[in-house]
K.L.:
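Quick one: this structure, given as structure tokens, is what I'll be asking you about.
Below, chain A is the first sequence line, B the second, and so on; all start at residue 1.
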There are 2 protein chains.
Amino acid sequence: MTKKNTPSRNENRGVTIADVAKAAGVSIPTVSRILNDKEYVAEETRQRVHEAIRTLGYTPHTQARRLRGGATMTLALHHPIESPHDLSSVIETSYFTGTAEAASEKEYFINFLVSQLTPEALLNMYRSNQIDGIILLQVRMDDWRVNLLRENNYPFVMIGRCADLEDLSFIDLDFETAMVAAFDYLVELGHRDIGFLTYPQSWHKTGLGPAVRSLDGYQHALSKYGLRSCYREIGLNSVEEGFEGTNDLFRENPELTAIITVSHLTAAGSIKALTQHGRNVPQDCSVMAIGFGGNFASVVTPSLTTLEWSPYEVSYRATILMTEKLANELSSAQQILVPPKLIVRESTKEVT
Amino acid sequence: MTKKNTPSRNENRGVTIADVAKAAGVSIPTVSRILNDKEYVAEETRQRVHEAIRTLGYTPHTQARRLRGGATMTLALHHPIESPHDLSSVIETSYFTGTAEAASEKEYFINFLVSQLTPEALLNMYRSNQIDGIILLQVRMDDWRVNLLRENNYPFVMIGRCADLEDLSFIDLDFETAMVAAFDYLVELGHRDIGFLTYPQSWHKTGLGPAVRSLDGYQHALSKYGLRSCYREIGLNSVEEGFEGTNDLFRENPELTAIITVSHLTAAGSIKALTQHGRNVPQDCSVMAIGFGGNFASVVTPSLTTLEWSPYEVSYRATILMTEKLANELSSAQQILVPPKLIVRESTKEVT
DNA sequence: ACGATTTCTGATAACGTTATCAGAAATCAC
DNA sequence: GTGATTTCTGATAACGTTATCAGAAATCGT
């Protein structure tokens with residue numbers, strides 16, 4: 001077969017359903033029926049075939065099943081990045097594992113797309129039968145992926161929301177509600193002057209990032225409690241932006257007793273800025289961060305009170321949703337909003 | 001076909017090679033030959049078939065190709081964890097993307113295994129033709145996965161090293177050499193009393209984690225420069241362990257002017273401990289951390305001088321290695337050692 | 001005891017591709 | 001112009017599975 005000096009890695013071509021059939025003295029379709037738990041098989045035959053399967057160490061050929069079955073049993077998870085190097089956060093680990101775990105439970109395979117993906121390449125994934133469906137990360141208001149897949153009627157599920165989604169399935173975070181919960185907590189502690197350090201309005205408008213709509217939530221909360229608006233937009237998710245944003249906020253609003261920031265790093269910058277101006281956290285000013293549940297919040301001093309969400313949970317549920325959709329188990333589009341949780345740690349405190 | 005009220009998502013069953021053949025007025029094998037760039041096809045025919053492919057929007061059926069071709073064109077990346085929730089570091093994002101990118105370039109699919117994997121399940125991945133090969137993360141000295149795959153003669157590649165590996169392919173970090181480089185740098189700055197905060201000896205012995213053999217490197221370096229050994233073992237990778245380990249070190253060795261720690265978090269703990277005892281970093285004591293190239297090193301104050309390695313690069317190269325092995329492009333086992341790089345930031349300084 | 005049903009089983013034909021062969025057409029050598 | 005070679009093409013048979021059908025054996029009702 002192969003050259004003598006390059007030892008073939010497949011001495012035995014693998015045991016097939018035909019081998020099992022022969023060993024058990026039955027026909028191939030009978031073995032197939034037993035493998036797939038179809039009705040109308042004699043108990044005695046079943047025993048004999050299972051025995052043969054065990055002694056031969058037979059396992060069905062996945063590729064053959066997929067070809068015959070007409071489904072690839074494979075999903076993709078797509079992150080819309082420019083370069084794979086841009087993926088440098090623990091969030092992705094969490095997204096990956098959540099998706100992988102759900103897929104594994106549903107006996108699906110999962111393919112992570114981290115390269116630049118053209119519209120043509122995306123369609124090809126379906127057309128060439130590489131995947132049955134796709135889970136889209138970081139969906140924006142106007143997202144070419146959504147438009148394309150919708151037009152072509154290919155199955156997909158979104159993490160995040162886009163415009164015009166009445167018939168689409170998605171899972172997203174409900175920061176609109178969560179911000180009000182955060183205010184419930186802070187107001188209870190006596191805070192009346194609460195600042196917000198957030199992403200630019202344009203990001204909220206286009207729907208970029210998970211904390212989208214937290215600005216809407218902030219404004220709802222203000223009107224609920226009749227408080228004064230006081231927020232500032234920062235550019236990037238970084239310690240520096242948090243530092244400078246906080247300085248800006250306080251220059252014009254020295255009366256603030258609490259700040260909510262849009263990420264952990266920003267919060268770290270806030271604390272740094274406050275400390276430098278002689279305000280201790282949380283004694284002189286409380287800080288609350290929006291963020292995914294990593295361990296960063298506990299590592300910082302003081303540990304951060306957060307409005308937390310879990311990429312693992314979100315991607316897990318999105319993946320289950322995708323499999324249900326493919327199994328036609330959904331009568332209509334599912335739209336799931338997950339409320340982030342308030343986790344109180346050391347960086348918030350009642351007003352003294 | 002399907003019920004009227006559940007709109008089938010595959011109105012057209014997909015265009016096949018037969019459709020192309022008919023449209024171009026040739027036989028199916030001819031189309032196949034053109035698709036696979038075989039020799040002996042008339043230029044005129046080729047044109048006509050390509051034209052048909054284009055107008056029909058044909059893409060070859062991946063599953064059919066795999067069945068016929070006898071290869072799954074799929075790899076797995078396995079991380080030996082108890083629960084997927086244990087994967088909570090940015091390292092994994094980097095491992096994932098490196099592997100995914102390499103696989104994509106080589107036109108392989110990649111499957112991330114994050115669930116608990118039994119030996120039986122591992123063998124089944126091969127036997128049921130789900131994968132052609134696997135990339136093992138976190139290989140230990142005595143690793144059941146290696147033993148099992150070796151016995152069964154299934155292709156795999158390791159990230160990390162095990163015992164008795166003369167005929168095995170792996171990629172690992174060369175911390176033995178890197179530690180000497182770190183000493184070259186520190187000694188140049190005038191340091192003679194250099195402490196090391198490292199994992200327990202047992203971890204080094206069993207080969208757990210990427211910084212394995214850094215202890216050997218430390219001892220090589222000491223003997224190269226005739227310096228005194230002074231290290232302490234810590235339990236976990238955490239700020240607290242770094243804090244306490246540093247306190248321990250200094251209690252018995254107050255003359256230390258530099259510390260090398262085994263991770264970023266540990267280094268953060270070290271800095272905290274030193275500062276609390278009135279020693280400023282780097283003026284009074286230098287701190288150097290071993291770590292993967294995330295952005296944490298730059299976020300800390302002072303930013304950390306590190307001995308850095310890239311999980312992206314390591315997994316990328318491991319994946320390429322795996323594909324080469326499967327393509328029989330390797331005449332012998334490849335054993336690659338990647339030297340971590342010394343990145344000088346703010347936490348080290350010459351002795352004054 | 002007899003036909004009607006229920007259980008069980010095996011031929012056969014797909015799923016969409018590629019490898020192998022052999023035959024037809026074109027080119028070459030002389 | 002003839003035979004040998006080179007190009008080109010199409011039947012046919014796989015790869016390993018499952019769906020469909022029809023036939024055989026067992027069970028049932030009366």
K.L.:
To the nearest Å, give me how far apart CD1 (B/I34) and P (C/dT17) are.
P.N.:
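In whole Å, C/dT17 P and B/I34 CD1 are 14 Å from each other.
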
K.L.:
Is there a donor-acceptor pair closer than 3.5 Å between any side-chain N or O of B/N129 and the backbone N or O of A/T62?
P.N.:
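Answer holds: no.
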
K.L.:
I want to verify a distance call: between D/dC8, D/dT18, D/dA11, whose nearest atom is closest to the A/L35 side chain?
P.N.:
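Nucleotide nearest to A/L35's side chain: D/dT18.
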
K.L.:
Is B/T93 reaching over with its side chain to a backbone N or O of A/T93, donor-acceptor style, under 3.5 angstrom?
P.N.:
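Pair found, side chain donor or acceptor close to backbone of A/T93.
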
K.L.:
Closest approach of A/R145 and A/Q138, non-hydrogen atoms and distance?
P.N.:
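Looking at all heavy atoms of both residues, the shortest contact is NH2-O, 3.3 Å.
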
K.L.:
Taking CZ from B/R33 and P from C/dT20, how many angstroms apart are they, rounded to a whole number?
P.N.:
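These atoms are roughly 12 Å apart.
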
K.L.:
Between B/I134 and B/L149, is there a side-chain heavy-atom distance shorter than 4.5 Å?
P.N.:
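Side chain of B/L149 against side chain of B/I134, heavy atoms only: contact under 4.5 Å found.
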
K.L.:
So which pairs with a foot in residues 26-38 of chain B pass salt bridge (charged side-chain N to carboxylate O under 4.0 Å, His left out), sequence neighbours left out?
P.N.:
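As it turns out, the salt bridge (charged side-chain N to carboxylate O under 4.0 Å, His left out) pairs with a partner in residues 26-38 of chain B, which skip direct neighbours, are B/D37-B/R46.
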
K.L.:
Rounded to whole Å, how long is the line connecting atom CG of A/L67 with atom C1' of D/dC15?
P.N.:
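That distance rounds to 9 Å.
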
K.L.:
With a 4.0 Å cut-off on heavy atoms, is B/R66 in touch with a base, just the backbone sugar-phosphate, or nothing at all?
P.N.:
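B/R66: no heavy atom of the nucleic acid under 4.0 Å.
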
K.L.:
Could you tell me how far apart A/D19 (CG) and D/dT17 (C1') are, to the nearest whole angstrom?
P.N.:
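Distance, rounded to whole Å: 13 Å.
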
K.L.:
Choose from C/dT9, D/dT18, D/dT7 the nucleotide whose nearest atom is closest to any side-chain atom of B/Y40.
P.N.:
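From the listed options, D/dT7 comes nearest.
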
K.L.:
Tell me which nucleotide among C/dT17, C/dG16, C/dC8 gets nearest to the side chain of A/A42.
P.N.:
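Of all the options, the side chain of A/A42 is nearest to C/dC8.
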
K.L.:
Which is true for B/N129 with a 4.0 Å heavy-atom rule: it touches a base, it touches only sugar-phosphate, or it touches nothing?
P.N.:
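Nothing: the residue B/N129, judged by heavy atoms under 4.0 Å, touches no strand.
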
K.L.:
Starting at atom CZ of B/R65, determine the distance to atom P of C/dC15, rounded to an integer number of angstrom.
P.N.:
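From B/R65 CZ to C/dC15 P: 18 Å.
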
K.L.:
Would you tell me if any nitrogen or oxygen in the side chain of A/K38 comes within less than 4.0 Å of OP1 or OP2 on D/dT18?
P.N.:
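The answer is no; no side-chain N or O of A/K38 sits under 4.0 Å from OP1 or OP2.
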
K.L.:
Near DNA chain D, counting only heavy atoms under 4.0 Å, which residues of residues 44-64 of chain B show up?
P.N.:
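Output list: B/T45.
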
K.L.:
Calculate the interatomic distance between B/I28 atom CD1 and C/dT20 atom P; express it in whole Å.
P.N.:
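Computing the B/I28:CD1 to C/dT20:P distance gives 18 Å.
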
K.L.:
With nearest nucleotide decided by heavy atoms, which residue, A/S32 or B/G25, maps closer to the 5′ end of DNA chain D?
P.N.:
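Looking at the nearest nucleotide for each, B/G25 comes out on the 5' side.
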
K.L.:
Out of D/dG10, C/dT9, C/dT17, which nucleotide sits closest to the side chain of A/V41?
P.N.:
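Nearest to the side chain of A/V41 among the choices is C/dT9.
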
K.L.:
I want to verify a distance call: between C/dG16, C/dT9, D/dT18, whose nearest atom is closest to the B/R68 side chain?
P.N.:
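Closest of the options to the side chain of B/R68: C/dG16.
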
K.L.:
From CG of A/D37 over to P of D/dT18, roughly how many Å is that when rounded to an integer?
P.N.:
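Interatomic distance, CG of A/D37 to P of D/dT18: 12 Å.
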
K.L.:
If pairing requires Watson-Crick or G-U wobble contacts with both distances under 3.5 Å, which nucleotide is the partner of C/dA22?
P.N.:
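Pairing partner, where one exists within any strand: D/dT9.
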
K.L.:
So which nucleotide from C/dG10, C/dT17, D/dT9 ends up closest to the side chain of A/P29?
P.N.:
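The nucleotide sitting nearest to the side chain is C/dG10.
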
K.L.:
Does NZ or CZ of A/R66 fall inside the cone over A/F109's six-membered ring, less than 6.0 Å from its centre and within 45° of the axis?
P.N.:
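Yes, A/R66 lies over the aromatic ring of A/F109.
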
K.L.:
Is the distance from OP1 or OP2 of C/dG10 to the nearest side-chain N or O of A/T30 less than 4.0 Å?
P.N.:
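For C/dG10, OP1/OP2 do have a side-chain N/O of A/T30 under 4.0 Å.
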
K.L.:
Compute the ring centroids of B/Y95 and B/Y312, then answer whether they are less than 6.0 Å apart.
P.N.:
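Between B/Y312 and B/Y95, which both carry aromatic rings, the centre distance is not below 6.0 Å.
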
K.L.:
Can you measure B/R127 atom CZ to D/dG16 atom P for me and round it to whole angstrom units?
P.N.:
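Between P of D/dG16 and CZ of B/R127: 16 Å.
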
K.L.:
Just to verify, what does A/A333 make a side-chain contact (heavy atoms from CB on, under 4.5 Å) with, not counting sequence neighbours?
P.N.:
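With neighbours one apart ignored, the set is A/S169.
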
